[in-house]
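No hydrogens, no waters, no symmetry mates; every other heavy atom, side chains included, goes into these values.
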Amino acid sequence: DWSSDVCSSDLLADDMGLGKTLQTLTLLQYIYKPSTPRQPATLIVVPTSLLHNWRREAKRFTALSMAEYNNTMAIDKEQPEKFFGHFHLI
């Protein structure tokens, strides 16, 4: 809960398997709780090899919507919110 009060961006780094993904998703679920007004999407930057894990964990433990974005996708550069506005996590 402390990071939602003091930080607008965070970086978690330590050994694999210590729960960083779940900790982050838990915080984001708190931020995007249904009783709060719609918040802008959160950008999560991870290696491509971890995308499957993030998607699986988000689906398993949260009600957050998630979209994968990469440099091969075409979105309206004048109105990116038309794409990004539909999701909690990018």
Side-chain angles (χ1 to χ4, degrees):
D1 186 43
W2 64 268
S3 64
S4 66
D5 293 333
V6 297
C7 298
S8 62
S9 61
D10 292 315
L11 174 65
L12 295 176
D14 61 20
D15 293 330
M16 290 178 54
L18 297 179
K20 293 177 297 295
T21 302
L22 190 54
Q23 289 175 19
T24 302
L25 288 171
T26 302
L27 174 64
L28 291 169
Q29 182 67 55
Y30 172 78
I31 290 169
Y32 291 112
K33 61 187 169 201
S35 61
T36 60
R38 180 74 176 164
Q39 301 289 322
T42 297
L43 178 65
I44 308 238
V45 179
V46 297
T48 305
S49 61
L50 295 178
L51 283 175
H52 174 74
N53 182 57
W54 271 86
R55 194 175 284 282
R56 184 184 69 235
E57 298 293 301
K59 184 176 181 179
R60 183 175 176 194
F61 295 111
T62 74
L64 301 173
S65 58
M66 183 174 176
E68 179 181 337
Y69 176 78
N70 59 51
N71 65 344
T72 63
M73 299 178 70
I75 64 165
D76 184 352
K77 303 259 190 265
E78 299 296 319
Q79 296 179 318
E81 67 277 359
K82 285 186 176 182
F83 174 77
F84 296 118
H86 297 286
F87 304 100
H88 296 111
L89 310 176
I90 305 295

Could you work out, with side chain to side chain contact (heavy atoms under 4.5 Å, CB included) as the rule, every residue matching Ala63, not counting sequence neighbours? Gln29
Hits for side-chain hydrogen bond (donor to acceptor under 3.5 Å, both in side chains) against Arg55, two or more places apart or cross-chain, chain-then-number order -> none
Between the CD atom in Glu68 and the CG atom in Leu51, the distance rounded to the nearest 0.5 Å is 4.5 Å
Output the distance between atom CE (Met66) and atom CZ (Arg56), rounded to the nearest 0.5 Å. 11.5 Å
Side-chain donor-acceptor pairs under 3.5 Å in residues 40-50, sequence neighbours left out?
unit_1 : atom_1 : unit_2 : atom_2 : d
Thr42  : OG1    : Tyr32  : OH     : 2.7

Donor-acceptor contacts, no H, no angles, side chain residues 82-90, under 3.5 Å, sequence neighbours left out:
unit_1 : atom_1 : unit_2 : atom_2 : d
Lys82  : NZ     : Gln79  : OE1    : 2.9
His86  : NE2    : Lys82  : O      : 2.9
His88  : ND1    : Ser65  : N      : 2.9
His88  : ND1    : Ser65  : OG     : 3.1
His88  : NE2    : Arg38  : NH1    : 3.0

Sequence-distant partners of Phe61, side chain to side chain contact (heavy atoms under 4.5 Å, CB included), two or more places apart: Leu22, Glu57
Over all heavy atoms of both residues, which pair between Ala58 and Leu25 is shortest? Give the atoms and the distance, please. N-CD1, 3.5 Å
Could you tell me whether the side chain of Leu28 reaches within less than 4.5 Å of the side chain of Leu64, counting heavy atoms only? yes
